[in-house]
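This is a predicted model, so every value here is computed, not measured. If you read the sequence from its start, that first residue is 1, and numbering goes on from there.
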Amino acid sequence: MAWIYLTIAGLFEIGWAIGLKYTEGFSRLWPSLATVAAMIVSLAFLGLALKSLPVGTAYAVWTGIGAVGTAALGIYLFGESADVARLGCIGLIVAGLVGLKLVT
């Protein structure tokens, strides 16, 4: 169950990271409220995952899911660069996440 909680936490991290773009410096009410709510949910699920996962592994996976998802959505939503080097680096993060799952 901890890995499910951690995955949910990572997905909500993606939500709040992307949400920050839409808040325009927290000057827009509804995007700001949604972003803060996603932050709270993300941290709550991370806390649940930490009950049984090592903190280093959980934190690395949480930030990794957030980084990969945010980078992917940045490419899709905002037209950010999708060059080979960037995609390769994202692939390395995914490889690290899989590795952490396999050894934990």
Side-chain angles (χ1 to χ4, degrees):
M1 202 64 190
W3 284 99
I4 293 170
Y5 290 150
L6 189 56
T7 301
I8 293 168
L11 293 174
F12 275 94
E13 185 188 5
I14 296 166
W16 70 257
I18 293 296
L20 284 172
K21 180 80 168 170
Y22 292 104
T23 69
E24 295 179 11
F26 290 101
S27 65
R28 298 179 61 214
L29 178 63
W30 295 113
S32 297
L33 291 176
T35 298
V36 170
M39 289 175 178
I40 292 167
V41 171
S42 180
L43 288 172
F45 276 99
L46 177 61
L48 290 172
L50 285 171
K51 286 183 175 183
S52 58
L53 292 174
V55 68
T57 299
Y59 185 76
V61 171
W62 179 65
T63 58
I65 291 170
V68 169
T70 302
L73 283 177
I75 291 167
Y76 179 75
L77 294 173
F78 307 123
E80 295 175 1
S81 171
D83 62 24
V84 175
R86 185 170 188 195
L87 294 176
C89 291
I90 292 169
L92 290 171
I93 295 170
V94 171
L97 297 174
V98 170
L100 285 170
K101 171 65 173 126
L102 292 174
V103 300
T104 301

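A single hydrophobic cluster is not seen to contain both Val61 and Val103; linkage of ILVMFWY side chains at heavy-atom distances under 4.5 Å, directly or through other members, places them apart. Clustering ILVMFWY residues whenever any of their side-chain heavy atoms sit less than 4.5 angstrom apart, transitively, puts Phe26 in the very cluster that holds Trp16. Note on Phe12: it clusters hydrophobically with Ile4, by side-chain heavy-atom contacts below 4.5 Å among ILVMFWY residues. Both Ile18 and Ile93 are assigned to one and the same hydrophobic cluster, defined by single-linkage of ILVMFWY side chains at heavy-atom distances under 4.5 Å. One hydrophobic cluster, built from ILVMFWY side chains closer than 4.5 Å, holds both Phe78 and Ile90.
Note on residues 88-104: no pairs pass salt bridge (Lys or Arg N to Asp or Glu O under 4.0 Å), not counting sequence neighbours. Counting only residues at least two apart or in different chains, side-chain hydrogen bond (donor to acceptor under 3.5 Å, both in side chains) contacts with residues 70-84 comprise Glu80-Arg86, Ser81-Asp83. Among residue pairs with one or both ends in residues 85-104, none qualify as ring-ring contact (aromatic ring centres under 6.0 Å, His included); sequence neighbours excluded. Under the ring-ring contact (aromatic ring centres under 6.0 Å, His included) criterion, no residue pair touches residues 82-102, with sequence neighbours excluded. The salt bridge (Lys or Arg N to Asp or Glu O under 4.0 Å) pairs that include a residue from residues 34-47 number zero, where partners must be two or more places apart or lie in different chains. Under the ring-ring contact (aromatic ring centres under 6.0 Å, His included) criterion, no residue pair touches residues 79-104, with sequence neighbours excluded. Note on residues 87-100: no pairs pass salt bridge (Lys or Arg N to Asp or Glu O under 4.0 Å), not counting sequence neighbours. Applying the salt bridge (Lys or Arg N to Asp or Glu O under 4.0 Å) test to pairs two or more places apart or on separate chains, none has a residue in residues 61-75.
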For residues 40-52, tabulate all N or O donor-acceptor pairs below 3.5 Å that involve a side-chain atom, not counting sequence neighbours.
unit_1: Ser42; atom_1: OG; unit_2: Ala9; atom_2: O; d: 2.8
unit_1: Ser42; atom_1: OG; unit_2: Trp62; atom_2: NE1; d: 2.9

Sequence neighbours left out, cut at 3.5 Å: what donor-acceptor pairs do the side chains of residues 29-37 make with other protein atoms?
unit_1: Ser32; atom_1: OG; unit_2: Arg28; atom_2: O; d: 2.5
unit_1: Thr35; atom_1: OG1; unit_2: Gly19; atom_2: O; d: 3.3
unit_1: Thr35; atom_1: OG1; unit_2: Pro31; atom_2: O; d: 2.8

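The structure places CG of Leu6 at 10.0 Å from CG of Leu11, a figure rounded to the nearest 0.5 Å. Of the inter-residue distances, the one linking Ile65 atom CD1 with Ile14 atom CD1 reads 7.0 Å to the nearest 0.5 angstrom.
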For Leu53 and Tyr5: C-alpha separation, side-chain torsions, deciding distance, then whether side-chain contact (heavy atoms from CB on, under 4.5 Å) applies. CA-CA 11 Å; Leu53 292 174; Tyr5 290 150; over 6 Å; no
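By the 4.5 Å heavy-atom criterion applied to side chains, Leu87 and Ile75 are counted as neighbours.
Shown here for Pro54 and Thr104, the closest heavy-atom pair between the two residues is CD-CG2, 3.9 Å.
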